[in-house]
Novice: 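Mind having a look at this structure? Questions to follow.
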Amino acid sequence: MLRRSILNFLLATPLGRFLAGVISTIAAFTVIYLDNSVDVPRLKKDTAVRLPHPRLRGRVSVEEALANRRSVREYVDEPLTLEEVSQLLWAAYGISEVTHGLRTAPSAGAQYPLEVYIAVREGGVKTIDGFLPAGVYYYDPHSHTLHVVRRGDVSSELYHAALEQQWVLEAPVSIVFTAVYSRTVRVYGERGRVRYVPMDLGHAAQNVYLQATALGLGTVAVGAFYDEDVRKILELPERETPIYIMPVGRPAVRYELTERELAQYIEKKRSKLSN
Ligand SMILES: Cc1cc2nc3c(=O)[nH]c(=O)nc-3n(C[C@H](O)[C@H](O)[C@H](O)COP(=O)(O)O)c2cc1C
């Protein structure tokens, strides 16, 4: 009852709304700062792979990326470039606000429960002077760097862990999202676990889909895999749960929807509407 009247006061009056804004902003940023000080994995300066800086201009509109996005499961046998990997990771969970380190994807209470890894196949990523060594890398959004977790091509292990889905074996790179549920649960309880973390993941994964499409690449969100196997392959700490694998490659077949096709589809459906 008391809680409801406080809530009513906060939402119903201008002063209340102002106070609510101040309280939630302080709460969110307090947790961001706490996070930055206690929750950052081991990052080593000397072995870090410095990704090219993200580009903020592209040649494909958001409308075109939305229309031409499909789940792509067949790729040609070609590497990605380090620039493409940089762009995909930035889109996934990179920094888009430099005062507090807010990200390209929204997150409940700015708790950022996700972590991002890539599994690079042998010859999967081209650099200026060769190829990025095959292995599993952790992505640090703040310094926009990759950190080696383990060396060696794990695509075959990942493929078996993902119920032998061929696209996981054949993609030059797989992005893997993990979740540290406790970051969101400590603020929102069970609602954080069952609703907010999966919603956060959906936002970040859609960014990957759209950025891949805009770069002429293809990806698919893979949710079917054995958690424990993926956890072992990525050498994840206990608190992290793998939640998506997104293989990325150059599509064998490019999908494209024209405005005309879309308009025809809509008109056909409209003609069938009842009076
Ligand atoms: C939560 C979720 C889990 C998925 N898991 C898989 C998967 O394990 N393997 C796969 O090939 N596709 C998976 N997909 C992709 C869907 O099959 C695909 O999005 C759907 O068929 C619609 O096609 P579209 O993405 O091209 O629009 C998943 C999609 C979502 C949202």
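Note that ligands are numbered from 1 as they come in the structure, with each ligand's atoms numbered from 1 the same way. Treat the numbers as computed from the prediction; the structure is a model and nothing was measured.
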Novice: Does the plane of the ring in Y188 sit parallel, tilted or perpendicular to the ring in Y196? Use 30° and 60° as the thresholds.
Specialist: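 Perpendicular: the ring planes of Y188 and Y196 meet at over 60°.
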Novice: Which atoms of ligand 1 are found less than 4.0 Å from any heavy atom of G223?
Specialist: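 Reading through ligand 1 atom by atom, the close ones are 3 (C), 4 (C), 5 (N), 6 (C), 7 (C), 8 (O).
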Novice: Give me the nearest non-hydrogen protein atom to atom 21 (O) of ligand 1 as residue plus atom name, then the distance to 0.1 Å.
Specialist: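 Going by distance alone, atom 21 (O) of ligand 1 is nearest to R73 NH2, 4.2 Å.
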Novice: Which residue and atom name correspond to the protein heavy atom nearest atom 30 (C) of ligand 1, and how close is it?
Specialist: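 Nearest neighbour among protein heavy atoms for atom 30 (C) of ligand 1, to 0.1 Å: Y244 OH, 3.4 Å.
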Novice: Looking at H160 versus Y226, is the centre-to-centre ring distance below 6.0 Å?
Specialist: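 No: the rings miss the under 6.0 Å criterion.
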Novice: Closer than 4.0 Å to some heavy atom of W167 - which atoms of ligand 1 meet that?
Specialist: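 That gives atoms 11 (O) of ligand 1.
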Novice: Who's the nearest protein heavy-atom neighbour of atom 28 (C) of ligand 1, and how far?
Specialist: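 Its nearest protein heavy-atom neighbour is A221 O, 3.1 Å.
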Novice: Of the protein's non-hydrogen atoms, which lies at the shortest distance from atom 22 (C) of ligand 1, and what is that distance?
Specialist: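 Atom 22 (C) of ligand 1 sits closest to the protein heavy atom S71 OG, 4.8 Å.
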Novice: Find out whether R151 and Y137 are in side-chain contact, i.e. whether some heavy atom of one side chain is under 4.5 Å from a heavy atom of the other.
Specialist: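 Yes - at least one pair of side-chain heavy atoms lies under 4.5 Å apart.
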Novice: Mark up the atoms of ligand 1 that fall under 4.0 Å of a heavy atom belonging to R69, in ascending order.
Specialist: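 Result: 24 (P), 25 (O), 27 (O).
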Novice: Could you check whether any side-chain heavy atom of R73 comes within less than 4.5 Å of a side-chain heavy atom of Q166, counting everything from C-beta outward?
Specialist: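 R73 does not reach Q166 side chain to side chain.
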Novice: Are V116 and V176 close enough that some pair of their side-chain heavy atoms sits under 4.5 Å apart?
Specialist: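 V116 vs V176: side chains apart.
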Novice: Considering distance alone, does some N or O of V222 sit under 3.5 Å from an N or O of ligand 1?
Specialist: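 No, there is no polar N/O contact under 3.5 Å.
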Novice: Closer than 4.0 Å to some heavy atom of R70 - which atoms of ligand 1 meet that?
Specialist: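 Going through ligand 1 atom by atom, the ones under 4.0 Å from R70 are 24 (P), 26 (O), 27 (O).
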Novice: Can you sort out which atoms of ligand 1 are near A224, meaning under 4.0 Å from one of its heavy atoms?
Specialist: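 By the 4.0 Å cutoff, the relevant atoms are 8 (O).
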Novice: Could you tell me if the side chain of Y138 sits less than 4.5 Å from the side chain of L43, heavy atoms only?
Specialist: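 Result yes, sub-4.5 Å side-chain heavy-atom pair found.
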Novice: Got V185 and E190 here, is their nearest side-chain heavy-atom distance under 4.5 Å?
Specialist: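 Not in contact.
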Novice: What I'd like to find out is whether the side chain of I175 reaches to under 4.5 Å of the side chain of Y117, using heavy atoms alone.
Specialist: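 They are not in contact (no side-chain heavy atoms under 4.5 Å apart), so the answer is no.
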Novice: Looking only at N/O atoms, are Q165 and ligand 1 under 3.5 Å apart anywhere?
Specialist: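 There is such a contact, yes.
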Novice: With a cut-off of 4.0 Å, which atoms of ligand 1 are near a heavy atom of V220?
Specialist: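 Selected atoms, number and element: 10 (C), 11 (O), 12 (N).
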